[in-house]
Amino acid sequence: SGKGITYKQNIFLWWLNAVFCLQLYKNVFSNFTFSYSPFWYGEAYDRHHLRNENGSSGLDFLDIVKASSAYKIEADFLCGIKRNELGLSLSYSFIPMKTGMSGSKSAEEENYVVFKDSLGGISLSEFSASIFYRFHFAF
């Protein structure tokens, strides 16, 4: 019965990394990073706009999850240009669905009411790519 939903996730991850570096050509390098998070904490907020329950202009939900088992794979390709680098970075992060506490409130209220018999959840699947030019400064 809502007219739209806004989502927001805040996730704190603690990563353990293994990095492998290769020299492909004279000035071309690659770094491969494999990451595992033994602990992460997440909060997921969603507002159901114009959902008319008790005269409210919206209904807010909050899911809080404390869990483990998040993964990330990253590949960087760097080309040295004098003392600087031109690079391409590819990254994929994955957090499987984990459940935790869930609560709700009307949009006008400040405090959430936690549900005793309901679980909320958080998951993430994210791919990113970036091209960059890195400057090195020496002091």
Side-chain angles (χ1 to χ4, degrees):
S1 62
K3 303 296 182 203
I5 301 174
T6 303
Y7 294 100
K8 175 183 168 185
Q9 283 188 348
N10 296 323
I11 301 174
F12 169 79
L13 297 124
W14 184 270
W15 293 112
L16 298 174
N17 297 323
V19 180
F20 302 93
C21 303
L22 298 172
Q23 182 174 3
L24 302 175
Y25 299 105
K26 182 179 178 186
N27 289 332
V28 179
F29 302 89
S30 64
N31 298 324
F32 298 96
T33 306
F34 302 93
S35 303
Y36 169 74
S37 180
F39 169 79
W40 62 268
Y41 173 84
E43 297 177 345
Y45 300 88
D46 56 295
R47 173 169 285 178
H48 295 233
H49 299 277
L50 301 177
R51 188 166 166 179
N52 295 323
E53 289 191 14
N54 301 328
S56 155
S57 64
L59 193 60
D60 293 345
F61 294 91
L62 169 62
D63 299 330
I64 298 175
V65 177
K66 298 175 188 174
S68 62
S69 304
Y71 308 93
K72 181 168 61 169
I73 299 171
E74 186 172 353
D76 296 326
F77 301 95
L78 308 165
C79 178
I81 301 172
K82 295 186 180 179
R83 291 175 17 191
N84 303 315
E85 296 167 332
L86 177 64
L88 168 67
S89 180
L90 306 171
S91 178
Y92 177 72
S93 300
F94 175 68
I95 299 175
M97 175 60 76
K98 300 291 183 177
T99 58
M101 298 185 323
S102 184
S104 73
K105 68 178 186 68
S106 70
E108 292 82 16
E109 295 175 330
E110 285 192 32
N111 298 321
Y112 286 88
V113 176
V114 177
F115 302 127
K116 300 274 189 223
D117 57 350
S118 177
L119 292 176
I122 295 177
S123 66
L124 173 72
S125 180
E126 176 183 69
F127 174 78
S128 65
S130 61
I131 297 172
F132 59 90
Y133 188 76
R134 185 179 298 161
F135 296 94
H136 294 270
F137 298 99
F139 296 99

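In what follows, residues are counted from 1 in the order of the sequence shown. Hydrogens, waters and symmetry mates are skipped; everything else that's a heavy atom, side chains included, is used. Here the structure is a predicted model, which means the values were calculated and not measured.
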- [ ] Keeping the roles fixed (side chain from N84, backbone from H136), state whether a donor-acceptor pair exists under 3.5 Å.
- [x] yes
Open item on the list: When you compare the side chain of R47 with that of K8, does any pair of heavy atoms fall below 4.5 Å?
Closed with: no
- [ ] Give, for atom CG of D63 and atom CG of D46, the distance between the pair rounded to the nearest 0.5 Å.
- [x] 6.5 Å
Open item on the list: As an exercise, state the distance from NE2 of H49 to CG of L59, rounded to the nearest 0.5 Å.
Closed with: 11.5 Å
Task: Cluster check L88, F127: I/L/V/M/F/W/Y, side chain < 4.5 angstrom - done: yes
Open item on the list: Is it the case that the ring center of F135 lies less than 6.0 angstrom away from the ring center of Y133?
Closed with: yes
Open item on the list: Please evaluate residues K98 and W40 with respect to the criterion side chain to side chain contact (heavy atoms under 4.5 Å, CB included), reporting the C-alpha separation (whole Å), side-chain torsions for both, the decisive distance (0.1 Å), and the verdict.
Closed with: CA-CA 11 Å; K98 300 291 183 177; W40 62 268; 3.5 Å; yes
- [ ] Hey, could you give me the CG/OG distance between L90 and S128, rounded to the nearest 0.5 Å?
- [x] 8.0 Å
TODO: Check whether F94 and F34 end up in the same hydrophobic cluster, where Ile, Leu, Val, Met, Phe, Trp and Tyr are linked by side-chain heavy atoms less than 4.5 Å apart.
DONE: yes
Open item on the list: So which atom in S102 and which in G120 form the shortest heavy-atom distance, rounded to 0.1 Å?
Closed with: CB-N, 3.5 Å
Open item on the list: I'd like to know whether Y92 forms a side chain to side chain contact (heavy atoms under 4.5 Å, CB included) with S125, so could you lay out the CA-CA distance, the side-chain angles of the two residues, the decisive distance to 0.1 Å, and finally the verdict.
Closed with: CA-CA 7 Å; Y92 177 72; S125 180; 3.0 Å; yes
- [ ] Treating Ile, Leu, Val, Met, Phe, Trp and Tyr as nodes and any side-chain heavy-atom pair under 4.5 angstrom as an edge, say whether I122 and I5 lie in one connected cluster.
- [x] no
Open item on the list: Which heavy atom of S68 sits nearest to which heavy atom of P38, and what is that distance?
Closed with: CB-O, 3.1 Å
Task: Side-chain touch L62/I64, heavy atoms, less than 4.5 angstrom - done: yes
Open item on the list: If hydrophobic clusters are built from ILVMFWY residues whose side chains come within less than 4.5 Å, do M101 and F39 share one?
Closed with: yes
Please list every donor-acceptor pair under 3.5 Å in which a side-chain atom of residues 70-79 meets a protein atom from a residue at least two apart or in another chain.
{"unit_1": "E74", "atom_1": "OE2", "unit_2": "S89", "atom_2": "OG", "d": "3.3"}
{"unit_1": "D76", "atom_1": "OD1", "unit_2": "S89", "atom_2": "OG", "d": "2.7"}

TODO: Supply the atom-to-atom distance K66 NZ to E43 CD, rounded to the nearest 0.5 angstrom.
DONE: 10.0 Å
Open item on the list: Count I, L, V, M, F, W, Y as connected when their side-chain heavy atoms are under 4.5 Å apart, and connections chain through other members. Are Y41 and Y36 then in the same cluster?
Closed with: no
TODO: Compare all side-chain heavy atoms of D60 with those of Y45 and state whether any distance is below 4.5 angstrom.
DONE: no
Less than 3.5 Å apart, which donor and acceptor atoms pair up between the side chains of residues 9-25 and the rest of the protein, not counting sequence neighbours?
{"unit_1": "N17", "atom_1": "OD1", "unit_2": "S35", "atom_2": "OG", "d": "2.4"}
{"unit_1": "Q23", "atom_1": "NE2", "unit_2": "Y25", "atom_2": "O", "d": "3.2"}
{"unit_1": "Q23", "atom_1": "NE2", "unit_2": "K26", "atom_2": "O", "d": "2.9"}

